[in-house]
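What follows is one structure encoded as structure tokens, with my remarks underneath.
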2 protein chains.
Amino acid sequence: MSKEITIYDIANSLKISPATVSRALNNHDAISTNTKALIHAKAEEMGYRSNKFASNLRKQKTNTIGVIVPRLNSTLMSTILAGMEKVANEAGYNLLITQSLESFKKEISNVKTMFNSRVDGLMVSVSYDTEGYEHFRSFIDKNIPLIFFDRTLDKSECLNIVIDNIKGGYDATKHLLEQGCKNIIHVTGNLKRNVYADRMRGYQQALAEFGVPFKQHNIFETDLTTEAGRKVVQAIKLSEEKIDGVFVTNDFCAVTCMGMLKKMGYSIPKDIAVVGFNNDPLTEIITPSLSTVYYPGKEMGEIAAKSMINHLNGLMDIGHTNYIVLKSELIVRDSSSRLPKN
Amino acid sequence: MSKEITIYDIANSLKISPATVSRALNNHDAISTNTKALIHAKAEEMGYRSNKFASNLRKQKTNTIGVIVPRLNSTLMSTILAGMEKVANEAGYNLLITQSLESFKKEISNVKTMFNSRVDGLMVSVSYDTEGYEHFRSFIDKNIPLIFFDRTLDKSECLNIVIDNIKGGYDATKHLLEQGCKNIIHVTGNLKRNVYADRMRGYQQALAEFGVPFKQHNIFETDLTTEAGRKVVQAIKLSEEKIDGVFVTNDFCAVTCMGMLKKMGYSIPKDIAVVGFNNDPLTEIITPSLSTVYYPGKEMGEIAAKSMINHLNGLMDIGHTNYIVLKSELIVRDSSSRLPKN
DNA sequence: TCATTTTTTGCAACCGATTGCATGAAATAA
DNA sequence: TTATTTCATGCAATCGGTTGCAAAAAATGA
């Protein structure tokens, strides 16, 4: 285990002061070009690497951005993370990633960890059952930039990066109505969360616009798992009123439902038309291909990270922006196309 | 922006020395229970949080483990990461995650970043075109623990956590042969990577065992994307010899192929039987459900992280272990079941 | 009561880089 | 040649915990 080289070693070896070495390595103006070259060469030669702790300690900055997501292993989240990582990495920032596993309690603990790790900023998509944002108080008090993405919190004064979920829900539902659906059920997640609440609002708006009465029992508030899909399909089968349209706020769950419906003899889209949400790659490869609402995950991650970094570098103040709404639109595929394409 | 509380503030406020405060907060034996309680209470009251830089600087330890994966947004990788995160978090470690985006060059730069961030250990699944492990030299020289998982490097002296890919390939192929397949093609990734090379070896072993000649043109070395699937299906269609079995080393690509084959009129599994790899959740929800080889992603992540942490805590020396092979087995579903179930 | 052992606490150096201020050297002006 | 300005470098304090060693305090024994 070779000894770690410090600026003092370089300084000694060159018979100059550590201050000069430090400045040279940081490309400070006050150091002459010659000296800089000399020091850089020596540093290289000796295998020097900067000690970030010392530097962080002094500068009170970590060059690390924290990210809290509900789960790492979801297509959407890992795509968003991929986008964030790309941007952060290019800008010389690191990402400290944790998952709340949809638990409010774990989220609180994650926030604490992030706080103690002194991340320069924090980006969060909240858990299923998060209540309020008292647990972010420490960040807000210390003025550490905080960005919410995808799942946000009402009345948060922070920057929120979202898609227009109302429009998404509206488009999907309107499309189903246009295809002739008369009785559309809506399978969604915890309505406490903006993404689901808004999509339902869109659903309701579309119904209203088409003069279709809204029925509470057509809303299935689930955890969007395979199991949830199974139950929904059971309900469809046992329903007295004929159900001819399904709008699921998650592609995976939608595909699950389609599979079961098919097995039970329903023809899709003829008997029942289905629309999902997110544009998961799997929507294209199944049969029938699933109509869905495109969700710009990678872009969302990139924009979140970019906003954070710009803010940290003083190029932009996220304090002045409340929402950034990304474009997302309905993609019509076979699972809902009843009318001939013209 | 409130001022940061330090142990000196606590010390002053209690009229004791910072050393005592430090020891008390770290639960050092030498401090009396009374004093400890007093200090803890005061720390809580004043809203103290430890400064990790100062601590890291002194202790030369970051409590952070680096992870480099080819891509964040793949089902398998994000599942492995989820497992790692869980274990690391419970043990008080943080994860610094980067992606190489399958580029050797980016991987080299990632390793540098990790090195400069002074992670306590590094866990890597190498990129598509990684050559050798010279770029890990810095870690090896400094004796910083290094673990490879999933995609490993030949002849690496480090701990490798893998599944038995040969067996996986063998099981899948043998199963297809048992179902009566006479001419099985194998769609795989870069054969430079152990996972793909080994699976092909298993494929060859099974063929040999059944006296089926191995044909080089039955191997499709691809990037396993949708596009690759498309090309493979084209080839199947144009092939002179009838192809009646497909073994794809990736579920997503397998599903893509199935979809296209179905569209082209092939009946699965009657005309062509298909087996995938990884046991992606999507394998269960499509029709026909896809036979596949179970890949214990979460477990792999958990075991990798656990090994790393045990090593760091001195409970175990990964220097003595070369391989940990996790159990993985064939899951037979509809896409390959030609014989009646008994 | 005094000596000895054990338990608590404090002193002060240290980890390595950064930076305000001061100084010395070189360049320019007078 | 001397005074003034500009440029380059160094000094020394600082960031906030940690820890070996010593000293003080408390507990025990004689």
Side-chain angles (χ1 to χ4, degrees), chain A residues 1-40 42-44 46-64 92 115-120 142, chain B residues 1-40 42-44 46-64 92 115-120 142:
Chain A
M1 181 128 69
S2 59
K3 199 198 153 286
E4 203 65 57
I5 303 296
T6 71
I7 52 168
Y8 297 96
D9 299 323
I10 300 179
N12 285 334
S13 142
L14 254 35
K15 311 229 173 307
I16 53 176
S17 92
T20 305
V21 176
S22 171
R23 291 201 177 91
L25 292 173
N26 287 307
N27 252 316
H28 195 288
D29 314 324
I31 305 297
S32 72
T33 322
N34 287 334
T35 318
K36 269 187 197 168
L38 203 67
I39 292 175
H40 274 112
K42 198 69 183 178
E44 178 72 19
M46 299 178 75
Y48 167 81
R49 64 168 172 165
S50 148
N51 186 320
K52 287 207 179 174
F53 314 145
S55 168
N56 288 342
L57 173 58
R58 189 59 228 247
K59 295 200 291 192
Q60 305 285 11
K61 194 166 179 297
T62 59
N63 254 50
T64 300
F115 188 64
N116 287 329
S117 298
R118 310 217 174 193
V119 292
D120 292 339
K142 280 229 158 39
Chain B
M1 181 128 70
S2 60
K3 199 200 151 287
E4 204 65 56
I5 303 296
T6 70
I7 53 168
Y8 297 95
D9 299 322
I10 301 179
N12 285 335
S13 141
L14 288 167
K15 311 228 174 304
I16 54 177
S17 90
T20 305
V21 175
S22 171
R23 291 200 176 91
L25 292 172
N26 287 306
N27 251 316
H28 195 286
D29 313 324
I31 305 297
S32 71
T33 322
N34 288 334
T35 317
K36 269 187 198 167
L38 203 66
I39 292 175
H40 274 113
K42 197 70 182 179
E44 177 73 19
M46 299 178 75
Y48 167 80
R49 64 167 172 165
S50 150
N51 185 318
K52 287 206 179 177
F53 315 145
S55 167
N56 288 341
L57 173 59
R58 188 58 227 241
K59 295 201 291 191
Q60 304 286 10
K61 195 168 179 295
T62 59
N63 255 50
T64 300
F115 188 64
N116 287 329
S117 298
R118 311 220 172 191
V119 292
D120 292 339
K142 280 230 158 37

Rounded to whole Å, how long is the line connecting atom CD1 of B:I31 with atom C1' of C:dG10?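 From B:I31 CD1 to C:dG10 C1': 10 Å.
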D:dC15 P sits how many Å from A:N51 CG, rounded?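 Going from A:N51 (CG) to D:dC15 (P), I get 18 Å.
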Could you say whether A:S32 or A:R58 is positioned toward the 5' end of DNA chain D, judged by the nucleotide with the nearest heavy atom to each?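 This one resolves to A:S32.
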Once you apply a heavy-atom cut-off of 4.0 Å, does [X] come out as touching a base, just sugar-phosphate, or nothing?
| X | answer |
| --- | --- |
| A:Y8 | base |
| B:I16 | sugar-phosphate |
| A:S22 | base |
| B:R118 | nothing |

Looking at [X], I'd like to know whether one of its side-chain N or O atoms comes within less than 4.0 Å of OP1 or OP2 on [N].
| X | N | result |
| --- | --- | --- |
| A:N26 | C:dT18 | yes |
| A:T6 | C:dG16 | no |
| B:S55 | D:dT18 | yes |
| A:T20 | D:dG10 | yes |
| B:T35 | C:dT9 | yes |

Candidate nucleotides C:dA17, D:dG17, C:dT19, ranked by approach to the side chain of A:I7 - the nearest: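 Minimum distance to the A:I7 side chain belongs to C:dA17.
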With DNA chain C as reference, determine whether A:R23 or B:T33 sits nearer its 5' end, using the nearest nucleotide of each.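 Residue closer to the 5' terminus by nearest nucleotide: B:T33.
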Distance check, rounded to the nearest 0.5 Å: A:L25 atom CG versus A:I31 atom CD1?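 A:L25 CG to A:I31 CD1: 10.0 Å, rounded to 0.5 Å.
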